S.K.: 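First the structure, then my questions, so here it is.
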Amino acid sequence: MMSMFAQEIIPYLVVFAVIAVIIWLFRVRAAWIREEKHPVIQIGNGQTIGRRAEQDDYFATTTTSHGTIAVLADGISGLANGRLASTLAVQTFIREFAKLDHPRHLSLFFSRAAALANGEILQALKGSRGGTTLVAAVIHDGMLHWGAVGDSVLTVFRGGEFIPINQKDIYESVLEERFLAGEISKDEAISHPKKKQLINYLGYEGFHNIEIGREPFPLEKGDKVILISDGVYDTLTEVELEKILFQNISSHDAAEQIIDAVESKQKANQDNATILILEKGW
């Protein structure tokens, strides 16, 4: 027969149990809200030196309370100190992102980091030639914020197709403007020997500015944010990239397969090739 003490304590135990369940539910809900607000970003990367003597591509990623950032810089192979320039550029962006005090300052972050990186590269070069392209992507609250200079590419893969994000800072854009203005013919624009020449990059005395998205780009479920150097897009077609990215595989596996595909081409002059893929974790 149940003792008087047991009978008296049972209601208290029930109350404590209910309170414990309520606290647990609140914690689960809070964790769910944090996950929705700051979802885990799955990151994949791949890289090959190609047929170059040195790896001039450099990249890094990090996550803070203000989002996840991925930065890719492609040191200019035609100039000395490409590796130095790309490394300094990426390190500067990562360092400045860590200092960011609020997401509303992201636009200022891109312009400030680019100016600082350009200055630090020029100071390190001490009059020598060198430079680098750079693309930086920040995912915060389901939005893509970005900055880019040079000819590395930032794109979003959605539903089997690419959505281009940045413009390339190459002479081809100038030739296109001249063609539209009636100054040169279409054939002259297409066949110009310097159409792929960079007209703006970091480590350049005449550095203009970094292109920054006017508005953050809204991401959808299943989107993949892609950062690639020219060693990738000059080697593989969009169809070849789409075939790999459309598979139901992790970002890491997709990045590795893309680099394997680049190397399988066995191009005699294969440039350094790097890819970063960001997507919301499964």
Side-chain angles (χ1 to χ4, degrees), residues 43-61 70-94 114 117-118 120-137 148-155 166-172 192-205 207 210 226-238 240-241 244-245 251-277:
I43 302 173
N45 63 73
Q47 186 176 70
T48 179
I49 194 171
R51 296 298 178 90
R52 303 297 190 192
E54 186 175 34
Q55 178 58 266
D56 291 324
D57 289 359
Y58 193 77
F59 69 91
T61 62
V71 190
L72 166 61
D74 177 2
I76 301 171
S77 300
L79 302 177
N81 304 302
R83 175 70 175 184
L84 171 66
S86 63
T87 302
L88 281 174
V90 172
Q91 290 177 344
T92 300
F93 268 74
I94 294 295
N118 189 63
E120 289 187 21
I121 293 169
L122 288 172
Q123 184 177 12
L125 292 174
K126 298 178 181 178
S128 300
R129 299 186 68 199
T132 185
T133 73
L134 181 137
V135 282
V149 57
D151 63 355
S152 292
V153 166
L154 176 64
T155 184
N166 68 309
Q167 301 289 327
K168 294 180 185 177
D169 289 323
I170 55 178
Y171 193 56
E172 188 173 30
H192 198 286
K194 294 185 177 180
K195 67 179 183 178
K196 299 298 182 184
Q197 182 175 304
L198 288 171
I199 57 175
N200 193 31
Y201 55 88
L202 297 176
Y204 175 40
E205 288 281 2
F207 171 67
I210 185 171
I226 316 290
L227 295 77
I228 50 176
S229 63
D230 59 355
V232 174
Y233 67 72
D234 280 344
T235 303
L236 301 179
T237 65
E238 280 197 4
E240 289 172 317
L241 288 169
I244 295 172
L245 292 167
S251 296
H252 175 73
D253 289 342
E256 286 199 335
Q257 284 193 27
I258 286 169
I259 294 302
D260 288 344
V262 168
E263 293 178 330
S264 70
K265 297 285 185 175
Q266 297 185 336
K267 290 177 61 176
N269 62 340
Q270 178 62 54
D271 194 2
N272 304 150
T274 303
I275 180 166
L276 291 168
I277 303 174

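Small disclaimer: the values here were computed from a predicted structure and weren't measured.
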S.K.: Report the distance from atom CG of L236 to atom CD1 of I244, rounding to the nearest 0.5 Å.
M.R.: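 Answer rounded to 0.5 Å: 6.5 Å.
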
S.K.: Nearest 0.5 Å, please: how far is CG in L88 from CD in Q123?
M.R.: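 Answer for the CD-CG pair, Q123 versus L88, is 10.0 Å.
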
S.K.: Which pair of non-hydrogen atoms, one from Q55 and one from R83, has the smallest distance, and what is that distance?
M.R.: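 In this case the closest contact between Q55 and R83 is O-CD, 3.0 Å.
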
S.K.: Quick check: closest heavy atoms across T235 and K265, and the distance to 0.1 Å?
M.R.: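 So the two residues come closest at CG2-CG, 3.5 Å.
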
S.K.: Y201 versus I121: any side-chain heavy-atom pair under 4.5 Å?
M.R.: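 They are not in contact (no side-chain heavy atoms under 4.5 Å apart), so the answer is no.
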
S.K.: For N118 and Y204, indicate whether the former's side chain and the latter's backbone hold a donor-acceptor pair under 3.5 Å.
M.R.: yes

S.K.: Would you name the heavy atoms of G46 and A255 that are closest together and state the gap between them?
M.R.: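 Closest heavy-atom pair between G46 and A255: N-CB, 3.8 Å.
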
S.K.: Is there a donor-acceptor pair closer than 3.5 Å between any side-chain N or O of Q270 and the backbone N or O of K267?
M.R.: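 The answer is no, because no donor-acceptor pair under 3.5 Å joins these two groups.
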
S.K.: Donor-acceptor pair, T133 side chain versus D74 backbone, under 3.5 Å?
M.R.: yes

S.K.: Check whether any side-chain heavy atom of F207 sits under 4.5 Å from a side-chain heavy atom of L122, and report yes or no.
M.R.: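 A side-chain contact under 4.5 Å is absent here.
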
S.K.: Are any side-chain N or O atoms of N200 and backbone N or O atoms of G150, one a donor and one an acceptor, separated by less than 3.5 Å?
M.R.: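 No, the answer is negative, given that no donor and acceptor are paired below the 3.5 Å cut-off.
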
S.K.: Please answer whether the main-chain N or O of R129 pairs with a side-chain N or O of N81 as donor and acceptor at a distance below 3.5 Å.
M.R.: yes

S.K.: If every non-hydrogen atom of A117 is compared with every non-hydrogen atom of T92, which pair is closest and at what distance?
M.R.: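 What the structure gives for the nearest pair is N-CG2, 3.8 Å.
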
S.K.: Enter the distance from S229:OG to L134:CG here, rounded to the nearest 0.5 Å.
M.R.: 12.0 Å

S.K.: Would you say CD of E54 has more than 12 non-hydrogen atoms from neighbouring residues, nucleotides or ligands within 6.0 angstrom?
M.R.: yes

S.K.: Locate the shortest heavy-atom distance separating G75 from S86; write the atom from each residue and the value.
M.R.: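 Heavy atoms only, the tightest pair is N-CB, 3.7 Å.
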
S.K.: By the definition side-chain contact (heavy atoms from CB on, under 4.5 Å), identify the one residue from V90, V135, N45 that meets it with F59.
M.R.: N45

S.K.: Among I226, V153, D57, L227, whose side-chain contact (heavy atoms from CB on, under 4.5 Å) with I275 holds?
M.R.: I226

S.K.: Quick one: CZ on R51 to CG on N269, what's the gap to the nearest 0.5 Å?
M.R.: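 Rounded to the nearest 0.5 Å, the CZ-CG separation comes out at 9.0 Å.
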
S.K.: Yes or no on side chain to side chain contact (heavy atoms under 4.5 Å, CB included) for D234 and D271, after CA distance, side-chain angles and deciding distance?
M.R.: CA-CA 9 Å; D234 280 344; D271 194 2; over 6 Å; no

S.K.: Output the distance between atom CG (D56) and atom CD1 (I76), rounded to the nearest 0.5 Å.
M.R.: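 Reported to 0.5 Å precision, the distance equals 9.5 Å.
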
S.K.: Check whether any side-chain heavy atom of I210 lies under 4.5 Å from a side-chain heavy atom of L202, and answer yes or no.
M.R.: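 Of all side-chain heavy-atom pairs linking L202 with I210, none is under 4.5 Å.
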
S.K.: Strictly distance-based, threshold 3.5 Å: is any side-chain N or O of S128 a donor or acceptor partner for the main-chain N or O of L125?
M.R.: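 Side chain of S128 to backbone of L125, a donor-acceptor pair under 3.5 Å: yes, one is there.
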
S.K.: When rounded to the nearest 0.5 angstrom, what distance separates CG in L241 from CD in Q257?
M.R.: 11.5 Å

